[in-house]
There are 4 protein chains.
Amino acid sequence: MSGTTLSAVATGVKQTEIKEIGLPEISEDSALLKVEIVGVCGTDVAYYKKISTPMILGHHVVGFIEKIGPVAAERWGVKEGDRVVMEEYIPCGQCELCRTGYFRLCSQTDPRRNGIRYGVTPTSVEPALYGGFSQHMYLHPNAVLHPLPDHVPAVEAALTLPISNGFEWMSLIGKAGPGSVVVIQGPGQQGLVCALAAKASGAETVIVTGRKTSIKRLELARKLGADYTVNVSTEDLVERVSEITGGKMADLVIDVTSGGTEPVVSSLHVAKTRGTVLLGASKGHLFQDFDLDVIYNKNLTIKGVRGHSYKSVQMAVEFISSGKFPLGIMNSHNYKLSETDMALKTAGGEGEPFPLLVTVSPWL
Amino acid sequence: MSGTTLSAVATGVKQTEIKEIGLPEISEDSALLKVEIVGVCGTDVAYYKKISTPMILGHHVVGFIEKIGPVAAERWGVKEGDRVVMEEYIPCGQCELCRTGYFRLCSQTDPRRNGIRYGVTPTSVEPALYGGFSQHMYLHPNAVLHPLPDHVPAVEAALTLPISNGFEWMSLIGKAGPGSVVVIQGPGQQGLVCALAAKASGAETVIVTGRKTSIKRLELARKLGADYTVNVSTEDLVERVSEITGGKMADLVIDVTSGGTEPVVSSLHVAKTRGTVLLGASKGHLFQDFDLDVIYNKNLTIKGVRGHSYKSVQMAVEFISSGKFPLGIMNSHNYKLSETDMALKTAGGEGEPFPLLVTVSPWL
Amino acid sequence: MSGTTLSAVATGVKQTEIKEIGLPEISEDSALLKVEIVGVCGTDVAYYKKISTPMILGHHVVGFIEKIGPVAAERWGVKEGDRVVMEEYIPCGQCELCRTGYFRLCSQTDPRRNGIRYGVTPTSVEPALYGGFSQHMYLHPNAVLHPLPDHVPAVEAALTLPISNGFEWMSLIGKAGPGSVVVIQGPGQQGLVCALAAKASGAETVIVTGRKTSIKRLELARKLGADYTVNVSTEDLVERVSEITGGKMADLVIDVTSGGTEPVVSSLHVAKTRGTVLLGASKGHLFQDFDLDVIYNKNLTIKGVRGHSYKSVQMAVEFISSGKFPLGIMNSHNYKLSETDMALKTAGGEGEPFPLLVTVSPWL
Amino acid sequence: MSGTTLSAVATGVKQTEIKEIGLPEISEDSALLKVEIVGVCGTDVAYYKKISTPMILGHHVVGFIEKIGPVAAERWGVKEGDRVVMEEYIPCGQCELCRTGYFRLCSQTDPRRNGIRYGVTPTSVEPALYGGFSQHMYLHPNAVLHPLPDHVPAVEAALTLPISNGFEWMSLIGKAGPGSVVVIQGPGQQGLVCALAAKASGAETVIVTGRKTSIKRLELARKLGADYTVNVSTEDLVERVSEITGGKMADLVIDVTSGGTEPVVSSLHVAKTRGTVLLGASKGHLFQDFDLDVIYNKNLTIKGVRGHSYKSVQMAVEFISSGKFPLGIMNSHNYKLSETDMALKTAGGEGEPFPLLVTVSPWL
């Protein structure tokens with residue numbers, strides 16, 4: 001394909017530059033995406049802070065098919081002009097994990113093993129356009145995408161992947177449903193969409209926790225459907241959950257806080273006998289004086305959860321498309337392509353205040 | 001216990017008589033219920049039409065604990081004055097089915113095997129008060145009951161058992177949830193609460209079918225949350241479901257129609273590949289020219305479903321207590337104890353017009 | 001790749017011809033298989049009887065990698081000289097069904113929709129070598145294969161796909177395990193491997209049924225581990241199962257008979273309350289006077305089952321590799337490539353007597 | 001009932017006395033058991049070491065129904081003379097946990113909450129005979145028992161409850177089956193029966209670990225079906241499991257060691273991505289420098305497991321009754337009632353050497 005496009009290439013630590021990049025030839029089984037909007041993810045910020053090789057960040061991508069080969073069109077069930085939301089994975093499709101529904105764990109999509117994945121692939125990998133902070137993105141033959149109706153507002157569409165994590169963890173893995181009491185530790189973007197997903201799955205009582213520094217996010221949690229919020233800087237979580245539930249405690253608890261080990265410990269304590277505790281964030285700390293017997297004594301189930309499946313992304317697409325939830329209120333900052341640095345800084349807490357959902361619209 | 005109570009005893013085919021019955025002594029492990037309201041079930045009507053031995057009908061029972069022994073109080077976690085909703089089963093609690101969570105299939109609660117069960121036990125079985133159409137009901141040591149908050153309107157509380165069927169079939173067995181397309185064949189009381197339960201579990205698209213004689217019920221289905229209704233007297237169901245779902249068809253289908261075999265056949269055809277079809281009603285007819293290969297060809301799952309579990313009743317109690325759904329609109333007729341005959345006739349389509357939820361309040 | 005290979009091409013109804021076919025170039029992501037042995041499947045026989053366009057039949061294929069591109073080698077984890085067993089599917093790897101573990105239902109591997117699949121793809125589709133009755137077979141980039149240790153006897157390796165069906169149906173879908181009572185209707189190749197798989201999964205009691213014409217197969221069933229066999233030409237199946245199980249009846253029943261509707265009806269009757277009945281064969285007949293209420297009354301689960309998953313093939317590979325079961329006794333006839341017609345006729349009951357596992361070894 | 005029986009009453013720390021205790025009247029819903037054999041459990045030893053109130057220990061009980069009331073006979077499906085194996089629980093049968101299949105968690109069977117349970121109930125609770133180290137045991141109306149065929153050797157029957165734990169943890173919770181790699185940490189009685197249960201469920205590869213002090217038990221593990229044993233005093237477990245499995249690691253790991261925290265840590269490391277680790281023993285130690293991120297990074301599932309369900313005991317009864325496994329080799333010491341002290345000391349490692357399955361036969 002002749003012509004070029006503009007991309008915000010991360011060229012060094014906390015630094016992007018707008019570059020003109022040649023558009024690729026589109027083969028029978030690939031396509032070119034005109035990027036409409038990109039949500040900034042915590043992972044983007046983490047990479048932004050330690051860039052050592054140039055790459056285009058951004059992997060919560062929504063756009064329109066600008067050009068597509070006939071094999072890709074049939075395989076994906078889309079045509080030029082169609083709107084789609086992308087998964088970040090570019091799995092091989094042929095290994096055991098791909099064959100059994102766990103393509104998100106495929107080694108060919110793992111950047112730590114030289115795999116390719118949207119948002120974390122060096123521009124040295126042809127045709128370079130593997131990130132969302134760009135006017136165009138290359139759709140690799142193994143890309144995973146989902147059609148999205150045109151009526152969905154762009155800022156809501158940009159929430160598809162976070163919300164799919166919510167459905168994966170709350171509904172598909174955590175089995176939240178009518179009658180469930182759910183405790184969500186951490187009112188960040190991921191905690192908030194877990195609250196949304198739990199309520200959308202019919203959970204009876206959803207409790208979101210945060211610290212005194214996140215009072216505004218706790219307010220937002222209630223607007224998004226949380227039944228209760230607990231400020232753990234001033235309230236005892238175990239006591240509050242006992243009070244709220246009449247002593248029954250929680251069926252399902254998830255830790256999506258960053259940092260300390262305390263939320264994991266309190267998660268084990270607010271879970272009821274035979275309850276489930278999901279670990280949705282790496283802690284990066286070793287635990288001291290950790291009492292594992294609580295797992296044995298209460299017959300708990302603990303699970304590490306990461307990422308989404310095809311089904312949960314589809315659930316998120318249908319949920320967003322229904323228009324029944326006030327997702328727009330999560331939108332905090334929207335930037336132009338030339339402001340990608342500010343978008344990444346804001347999302348990382350070093351830019352404009354009160355970030356929540358930070359997006360970039362490359363054609364603004 | 002000294003004193004008597006008033007009961008509407010079914011003494012013959014389509015005939016009840018108000019009788020004065022002695023109140024039982026309450027042992028350490030039993031109790032006496034002051035009946036607040038009773039919903040009329042299709043089963044009540046069926047028994048009413050073929051009574052051969054006197055019994056007190058009525059098993060969708062809500063009431064207040066009037067007197068209770070200390071062992072029962074501790075076991076059930078209730079005290080005098082507490083409001084409760086009853087299950088109809090009086091299981092032994094000690095057989096294999098009871099030990100494994102299937103007490104509803106316990107032979108000691110099966111009237112066909114001389115078991116006892118609320119609403120179908122002859123008054124010759126001491127202490128006679130085994131039915132809801134009565135000012136008091138005996139709470140057997142093996143009774144299964146659930147506490148209910150005082151703020152729930154009585155007519156909504158009377159829906160607990162039908163709604164628990166809805167949760168059992170749609171959620172626990174049928175796995176309806178976010179993203180699901182559900183087709184419910186038959187807009188009777190059971191179909192309507194299935195629609196409620198499917199939506200409360202997060203189902204994306206709920207379609208209720210009926211015939212031209214049930215237009216009013218289809219309207220009600222939409223008020224209760226159904227996304228679409230289909231009048232199968234004038235519309236082709238398979239075509240409509242294909243249209244609504246963009247050709248994806250239904251994940252979950254249930255037949256709760258009475259009578260003919262056609263709804264079962266169309267249920268198999270609207271289910272998607274790998275979909276599930278629940279049979280929620282006895283048909284009483286042999287099938288002719290029945291093509292079973294559709295089950296094989298589409299890898300379908302067919303399940304017979306009957307009754308509720310402890311968990312689904314608890315889900316219904318919490319759902320009703322939340323007050324978030326307009327259950328009151330299902331209330332069509334409320335009668336006094338002396339009008340029990342009319343209640344049964346109306347529920348059976350031989351009394352006042354347009355029955356839906358018909359109730360008796362014995363203390364009116 | 002220069003050179004040619006020899007293939008038995010089905011050129012007309014019940015007729016194959018040995019033809020010399022050019023070997024394909026092997027690209028980076030494909031490979032060439034030297035075929036060691038091919039098991040004859042009932043599907044091969046069915047196609048053989050109605051060939052209208054030339055194709056190479058045979059899809060239970062075991063062989064050695066003769067040449068492989070580097071991308072395929074890494075993706076599949078195999079190298080030249082390695083022994084592998086093939087699945088028949090050539091799925092796209094990128095559609096919703098492939099992404100969710102159901103690649104066997106992918107439309108690109110469905111011959112009824114012009115998809116390609118081993119053993120049923122016309123030789124007009126390049127590079128023609130899509131069947132096992134040939135000295136070489138083309139390994140398409142989307143082929144699904146499993147490494148197999150060298151020590152496994154070839155005739156046992158040829159049973160991999162039938163046995164994987166056994167594990168898929170008995171274990172993964174049917175949940176047979178310690179304590180289970182399993183009834184298998186039909187002692188053909190598929191019924192026998194279901195018996196093997198059920199016992200290997202720990203099923204307590206396995207009962208295989210057959211008619212008076214299959215006495216030898218019932219004997220074989222017992223040698224393969226079946227605890228009981230029932231000759232339904234002379235014995236009442238329901239009575240026998242009741243007798244064997246002390247009235248408990250069967251947890252799991254499968255119908256893998258060809259032909260009539262009776263085995264499906266008796267399957268419903270030997271299943272216990274809450275039991276499962278699997279339909280593993282198309283009947284091709286409409287049912288008359290079919291009583292569906294038995295499904296409702298006994299809370300049965302009925303499922304149509306077809307084919308295997310990646311996991312069940314892997315289970316079969318490990319089962320066969322363990323060498324613990326006397327699989328060799330299923331081997332009834334082994335033919336040369338030039339005898340492919342006789343192999344197909346024997347497997348179809350029109351050749352040599354007493355077929356069970358019929359195989360072709362193309363290099364004999 | 002007139003007459004008395006002889007019981008070994010634990011009257012103080014590490015001390016039992018043979019006492020004559022009056023036989024109870026048998027009501028309509030209770031029974032009297034003539035005890036045939038009792039297996040000594042680790043729990044018995046733990047109680048024996050800290051007795052503060054007299055009680056009859058022993059809860060792995062097999063015996064014959066000596067007298068039974070008609071209600072109990074019908075409910076349990078047994079008659080006088082029948083052989084049965086007892087569960088230790090005496091649950092209420094009417095609470096939420098009992099109603100949902102988790103009677104083992106019922107508070108009325110929890111001795112820490114003044115509940116009654118076989119083997120840990122003071123003789124001050126009427127009719128005193130709540131333990132197996134006695135010629136007779138009282139069968140409470142809420143007792144849970146399973147009929148057992150007469151042909152099973154007594155020492156094998158005494159293993160029913162340990163083996164049922166094995167089935168509960170390996171099969172029902174851990175989903176071991178064909179193709180599974182299972183690592184069992186700790187070759188004590190519980191580890192050995194886990195090995196048995198895993199193999200009986202079809203697990204492909206079972207690896208049992210132990211220290212240099214348990215070489216004889218590791219040998220026994222191999223005789224009972226373990227495919228490999230690892231002496232962790234001299235071998236690196238992670239390396240060995242990698243070697244055995246060709247790098248695939250374990251699907252299922254269980255820790256049933258007593259004492260240290262190391263086996264839990266190595267369990268997390270030998271589990272494969274998406275694997276399951278069961279915690280089957282209280283550790284009684286806080287963990288230091290514990291890296292919880294391994295759970296998150298590998299998407300592991302960790303579960304605390306305790307006790308058996310009705311179904312797993314039934315699985316154990318059928319497994320033992322089949323006579324296919326060499327259970328007799330676990331029998332290490334059999335004592336008379338008058339030797340109950342020695343039985344408890346031997347089982348606790350303070351009596352005769354090399355204990356494994358230690359039993360008491362009260363009528364010897």
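In this structure, the side chain to side chain contact (heavy atoms under 4.5 Å, CB included) partners of B:Ala221, at least two apart in sequence or on a different chain, are B:Leu192, B:Val208, B:Ala226, B:Thr229.
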All donor-acceptor atom pairs under 3.5 Å, backbone and side chain, chain B-chain C:
unit_1   : atom_1 : unit_2   : atom_2 : d
B:Tyr102 : OH     : C:Arg274 : NH2    : 2.5
B:Arg274 : NH2    : C:Tyr102 : OH     : 2.5
B:Ser282 : OG     : C:Asp293 : OD2    : 3.0
B:Lys283 : N      : C:Asp293 : OD1    : 2.7
B:Lys283 : N      : C:Asp293 : OD2    : 3.3
B:Gly284 : N      : C:Asp293 : OD2    : 2.8
B:Phe287 : N      : C:Phe290 : O      : 2.7
B:Phe287 : O      : C:Asp289 : N      : 3.0
B:Phe287 : O      : C:Phe290 : N      : 2.9
B:Gln288 : OE1    : C:Asp289 : N      : 3.1
B:Gln288 : NE2    : C:Asp289 : OD1    : 2.7
B:Asp289 : N      : C:Phe287 : O      : 3.0
B:Asp289 : N      : C:Gln288 : OE1    : 3.1
B:Asp289 : OD1    : C:Gln288 : NE2    : 2.7
B:Phe290 : N      : C:Phe287 : O      : 2.9
B:Phe290 : O      : C:Phe287 : N      : 2.7
B:Asp293 : OD1    : C:Lys283 : N      : 2.7
B:Asp293 : OD2    : C:Ser282 : OG     : 3.0
B:Asp293 : OD2    : C:Lys283 : N      : 3.3
B:Asp293 : OD2    : C:Gly284 : N      : 2.8
B:Leu300 : O      : C:Gly304 : N      : 3.0
B:Thr301 : OG1    : C:Lys303 : NZ     : 3.0
B:Ile302 : N      : C:Ile302 : O      : 2.6
B:Ile302 : O      : C:Ile302 : N      : 2.6
B:Lys303 : NZ     : C:Thr301 : OG1    : 3.0
B:Gly304 : N      : C:Leu300 : O      : 3.0

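At a 4.5 Å heavy-atom cutoff, the contact between C:Leu300 and chain B is made by backbone atoms alone. Neither the backbone nor the side chain of B:Ile173 comes within less than 4.5 Å of any heavy atom in chain C. Heavy-atom distances place no part of B:Val277 under 4.5 Å from chain C, backbone and side chain included. Using a 4.5 Å cut-off between heavy atoms, B:Ile295 contacts chain C through both its backbone and its side chain.
Between C:Phe287 and B:Phe290, the angle of the ring planes goes over 60°, which puts this pair in the perpendicular group of the 30/60° scheme.
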